[in-house]
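The structure appears below as structure tokens.
Here the structure is a predicted model, which means the values were calculated and not measured. Sequence lines set the chain letters: A, B, ... in the order given, protein chains first and strands last, and positions in each chain run from 1.
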2 protein chains.
Amino acid sequence: MSVNLKQLAEALGISQTTVSRALNGFPEVSEKTRRKVLDMAQQLNYSPSPHAKKLATGKSKTIGHVVPQSDHMMINPLFSDFIAGAGETYSEAGYDMLMSIVPRDQEENTYYKLIASKRVDGMMVHAPLVNDTRIALLQKLNMPFVVHGRSADDDDSYTWLDVNNRRSFERATRLLIDLGHRRIGLLNGLESMTFAQRRRMGYLDALEDARIDADPGIMFSEDMMEPYGYRRMHELLKHKNPPTAVLCSSILPAMGALRAVQEAGLEPGRDVSLVTHDDMLSFLSNSGDIPMFTALRSSIKAAGERCAEMLIEAIENPQRDPTHELWETELVLGSSTGPPQRP
Amino acid sequence: MSVNLKQLAEALGISQTTVSRALNGFPEVSEKTRRKVLDMAQQLNYSPSPHAKKLATGKSKTIGHVVPQSDHMMINPLFSDFIAGAGETYSEAGYDMLMSIVPRDQEENTYYKLIASKRVDGMMVHAPLVNDTRIALLQKLNMPFVVHGRSADDDDSYTWLDVNNRRSFERATRLLIDLGHRRIGLLNGLESMTFAQRRRMGYLDALEDARIDADPGIMFSEDMMEPYGYRRMHELLKHKNPPTAVLCSSILPAMGALRAVQEAGLEPGRDVSLVTHDDMLSFLSNSGDIPMFTALRSSIKAAGERCAEMLIEAIENPQRDPTHELWETELVLGSSTGPPQRP
DNA sequence: AACCCAATTCAAACCGCTTTGAATTTTCGG
DNA sequence: CCGAAAATTCAAAGCGGTTTGAATTGGGTT
């Protein structure tokens, strides 16, 4: 059905060495020979054994993703959109994607094993924590990697791609303030992750700028899921001094919040304003002429694509310095915002 | 840092053969020797090279998933929940998961290449179509695989795990009929996929049983996304003869539908009844004492786990006959259903 | 002590590719 | 036409395991 290198070489009456070089584009093989080899390879349906190749070269053409199991870090759909983007890019570049889903307590060990056994040429790091040990480990092992997000602000010793979360939330908060809101709630993600911290800081920056005191009573930090948004919004609407606007860290709690608002018979954008960060999840599209939500928009799938490019770049040019990209979000006006109701 | 088999053998003063056999649990090695080998392996931090092992054995201990790119077949979050379940099981069993995200037109070729190059020991097939060529290909190549879903009803020539979609939707429809509804809308998934076809049949079964004529004007078949549910429900509410209840194929359009209902100032369960199939997506939990939606529930993550088990089983016992599991859904009463309003 | 059979252990071949260092063939100026 | 340099090609040695077939060791008999 298909042959190996040796058989191909025999069929051609040429040494394996030359055949191998012809196929891999080495310059010292004559064009005439190369053509013959390529033709015959095609004809005999030759395809090299990746295992043998990996063993011989020590390279695996594979990129690893380690995903902790009970995943509070990576909300499912965010993760899969990122994977979709990265995966396409890997395929185009001829890389395989190896995905390891392991219990949280085996996460580091999994990194270690994947690397020690040379199963991967590079790693993608998701959802960095404030003080992330994975980064230190990867640096120590000298393995190329890209972080989606950042750990500390000032650490440029590794390659990352991040959204300017702080600026983004500052803008959103400012928008609400400019509309006249003085009491703005925050439904943030889990603040053990750096992006959530930066979002809160942006929010606080804008409040401080407008000399509005932050009220911890209307600021929350939980997993970005639909019921979270619903529950908290429900509470907020009953608050003795309810916010007139709420800022959400993801479209999932935003939908929950919307549900609570509608259920209370209120109209979003008139009775309560909502702004959300929107990762452009394909199955929850917030689009249309006038989108449902006013949103800070940044495609997480595009981030996946770009991170993959950066990682492949880093793998193939190990000597290069780390690079960084800080993406600004797009602020899209939807129907969920408006000036506050005057009492 | 870590040694290979040869070095380990030298350190022990024993042949590689014996060391290899000791490590792999062959019976012909004496217990005394085995103990010495294991101890030394531990001490020298020996770990076998997977590449070498794959080359020598021809087995890859890897399971492949091929995902078409512009994925109308596999709604993102459904897919990732399934992956999460399968991935955990793979890890526990010592298998790697290889994920290929490729353009639709390269899908078959990708299967072929993964198999021909021996990169995988088995494949997981998602979202079977009515006449699915992947299944024929895998059977021809004699590669173990499991289908999540089924292609034709009567084909037991391969291993599958499916939800009893027909029965499930029949039950749901019957529930609505029993509540007094006579006009029931359907927001189905894309009917190029077999599961959606079966759901429609179940729905039609129940209608016919109750001698209710089906009305194609209130039956839809699209990608299971939030905006679909919103848009169609919005239309249905304006219909000259609007349905009093609507059946949704997934919680995503169900949420869209709910949004439309609430936006119209109606109360779900009183003014309009909604029933949905619920895959128990972790980030959209439809739980609580009284769940938001009356739902047909079946965990897609659990399906992923079980499919993975079945696949590993098939890989390790190639001679066994194909197995099948048809799961019944759980019918959970939520607050989104009630008798129709009497005019 | 000699012998046989079973239990262990081993040297070497093999999996399929890359790469080193040497050998062979071409090319070309003189 | 010759010899040296340049261009090609090749045999063999890895990469790090598994597995075959033979060799060695050990225990039990006579």
Separation of atom [atom1] in [X] from atom [atom2] in [N], rounded to whole Å:
| X | N | atom1 | atom2 | value |
| --- | --- | --- | --- | --- |
| His51(A) | dT18(D) | NE2 | C1' | 14 Å |
| Leu5(B) | dT19(D) | CG | C1' | 13 Å |
| Leu55(A) | dA13(D) | CG | P | 17 Å |

Under 4.0 Å, heavy atom to any atom of DNA chain D: which of residues 14-22 of chain A qualify?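 The answer is Ile14(A), Ser15(A), Thr17(A), Thr18(A), Arg21(A).
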Identify, between Pro27(B) and Lys6(A), the residue whose nearest nucleotide on DNA chain C lies closer to the 5' end.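 Whichever sits nearer the 5' end wins; that is Pro27(B).
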Does any donor atom in the side chain of [X] or [Y] lie under 3.5 Å from an acceptor atom in the other side chain?
| X | Y | result |
| --- | --- | --- |
| Thr33(A) | Ser30(A) | yes |
| Thr18(A) | Ser15(A) | yes |
| Asp121(A) | Ser60(A) | yes |

Tell me, please, the opening and closing nucleotides of DNA chain C, 5' to 3', among those with an atom under 4.0 angstrom from a non-hydrogen atom of chain B. dT8(C) to dG16(C)
Taking only residues two or more places apart in sequence or in another chain, which ones pass side-chain hydrogen bond (donor to acceptor under 3.5 Å, both in side chains) with [X]?
| X | result |
| --- | --- |
| Thr133(A) | Glu108(A) |
| Glu28(A) | none |
| Glu88(A) | Lys301(A) |
| Tyr111(A) | none |

Please confirm whether the shortest side-chain N or O distance from Lys54(B) to OP1 or OP2 of dG17(D) is below 4.0 Å.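 No.
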Result block: side-chain N/O donor-acceptor pairs under 3.5 angstrom for residues 313-321 of chain B, not counting sequence neighbours:
unit_1    : atom_1 : unit_2    : atom_2 : d
Glu313(B) : OE2    : Arg320(B) : NH1    : 2.2
Glu316(B) : OE2    : Tyr95(B)  : OH     : 2.8

Asp132(A)/Ile135(A) under side chain to side chain contact (heavy atoms under 4.5 Å, CB included): CA gap, chis, key distance, verdict: CA-CA 6 Å; Asp132(A) 204 304; Ile135(A) 294 176; 4.1 Å; yes
Ordered by number, residues from residues 31-50 of chain B within less than 4.0 Å of DNA chain C (heavy atoms) are Thr33(B)
Show me the pairs that pass side-chain hydrogen bond (donor to acceptor under 3.5 Å, both in side chains) and involve residues 140-150 of chain B, at least two apart or across chains.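 Qualifying pairs: Arg150(B)-Asp162(B).
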Five pairs at each end of the helix from dA1(C)-dT30(D) to dG30(C)-dC1(D): take the axis at both ends and give me the angle between them to 10°.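 The end axes of the helix from dA1(C)-dT30(D) to dG30(C)-dC1(D) are about 60° apart, to the nearest 10°.
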Can you list the residues that meet the side chain to side chain contact (heavy atoms under 4.5 Å, CB included) rule with Ser47(A), with sequence neighbours excluded?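 With sequence neighbours excluded, Ser47(A) shows a side chain to side chain contact (heavy atoms under 4.5 Å, CB included) to no residue whatsoever.
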Polar atom pairs (N or O), protein with nucleotides 5-7 of chain D, under 3.5 Å:
none

When you compare the side chain of Thr62(A) with that of Met97(A), does any pair of heavy atoms fall below 4.5 Å?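 Of all side-chain heavy-atom pairs linking Thr62(A) with Met97(A), none is under 4.5 Å.
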Quick check: do Val125(B) and His65(B) have side-chain heavy atoms less than 4.5 Å from each other? no
Assess the residue pair Asp96(A) and Lys61(A) against the criterion (salt bridge (charged side-chain N to carboxylate O under 4.0 Å, His left out)); give the C-alpha distance rounded to whole Å, side-chain angles, the decisive distance to 0.1 Å, and a yes or no. CA-CA 6 Å; Asp96(A) 285 337; Lys61(A) 292 286 261 181; over 6 Å; no
Could you give me the CA-CA distance, side-chain angles and deciding distance for Ile63(A) and Leu98(A), then say whether side chain to side chain contact (heavy atoms under 4.5 Å, CB included) is met? CA-CA 6 Å; Ile63(A) 289 167; Leu98(A) 179 60; over 6 Å; no
